[in-house]
Amino acid sequence: MKFTKLDITYHHQLLDLEGKMYWTSGKWKTLWDKEAKQKFDTLITDYLTNYPQGCFGLIENRKLIGAIFLLKVLELKPIPYVNKVHDHLNTRGNIAYVSFFVVKKGNRDEEIARELYRCTEKVAISLGCNKTAVVINESPLEEGILKTNGYNRSKEEYQWEIYPSMMVPCHIYSKTVTTN
């Protein structure tokens with residue numbers, strides 16, 4: 001696995017990973033085909049064009065196998081999953097907020113996710129942040145890794161717009177990061 005910054009050339013691979021990770025069955029597949037694919041196409045293009053320094057991933061055999069987008073923010077709060085970079089980006093912020101996370105589904109998804117979160121701390125520091133934050137509704141894959149890596153889970157339960165006009169309960173996981 002090779003860690004790399006992402007640019008617009010990864011656009012289609014990112015969209016494919018998003019669709020295969022979260023939008024594969026029942027009403028979710030129908031929503032993906034009807035409108036969600038276009039919304040995520042716009043989200044991915046926006047990040048890769050307007051805040052590429054926060055976009056990174058893992059490559060293996062010239063294929064993208066996982067990615068995380070980070071956004072600099074000033075406060076810990078759930079940001080709608082489908083968002084525009086400039087609606088929430090604060091260049092004075094000291095929190096690197098995980099706004100997009102995908103891994104290739106399969107028997108190595110935990111290994112890929114673990115490596116992405118390991119790299120997240122380095123990217124956060126390079127962006128001038130001293131904290132990372134992740135909003136989780138229900139993701140056993142991420143939650144296990146975050147707990148193992150010393151992230152703290154908020155006591156408070158929040159409401160998160162996981163898709164336009166669709167609210168779900170969530171918790172915020174955060175960790176202070178240092179250069180050591």
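We use all heavy atoms of the structure for the numbers below, so side chains are in, but hydrogens, waters and symmetry mates are not. Position 1 is the first residue of the sequence, and the numbers go up from there.
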key: Test log, rule salt bridge (Lys or Arg N to Asp or Glu O under 4.0 Å), inputs Asp33 and Lys29   = CA-CA 6 Å; Asp33 293 338; Lys29 175 71 172 129; 3.0 Å; yes
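A 4.5 Å side-chain heavy-atom check between Ser99 and His88 finds every atom pair outside the cut-off. Looking at heavy atoms from C-beta onward, Val82 lies in side-chain contact with Pro164 at the 4.5 angstrom threshold. Within the 4.5 Å cutoff, the side chain of Val102 has heavy atoms near those of the Tyr22 side chain. Taking 4.5 Å as the limit, every side-chain heavy atom of Gln13 sits out of range of all side-chain heavy atoms of Asp16. Looking at Val168 and Gln159, their side chains never come closer than 4.5 Å, going by heavy atoms from C-beta outward. A 4.5 Å side-chain heavy-atom check between Ile136 and Cys170 finds every atom pair outside the cut-off. In this structure the side chain of Ile65 reaches within 4.5 angstrom of the side chain of Met1, judged on heavy atoms. Residues Cys119 and Phe56 have side chains in contact (heavy-atom distance under 4.5 Å, counting atoms from C-beta outward).
Of the candidates Val98, Thr132, Ile112, Val98 is the only one forming a side chain to side chain contact (heavy atoms under 4.5 Å, CB included) with Tyr117. With Leu127 as reference, Leu70 is the one residue of Leu70, Asn94, Ile95 to meet the side chain to side chain contact (heavy atoms under 4.5 Å, CB included) rule.
In summary, the side chains of Asn149 and Tyr173 do not present any donor paired with an acceptor at a separation below 3.5 Å, with no hydrogens or angles considered. Tyr163 and Glu35 share a side-chain donor-acceptor pair at under 3.5 Å.
No more than 12 heavy atoms of other residues, nucleotides or ligands shown are found within 6.0 angstrom of CD on Glu110.
Put simply, Val85 and Val135 are part of the same group of oily side chains (I, L, V, M, F, W, Y) that touch within less than 4.5 Å, one to the next.
Ion pairing of Lys104 with Glu60 is absent here, as no side-chain N (NZ or NE/NH1/NH2) approaches a carboxylate O to less than 4.0 Å.
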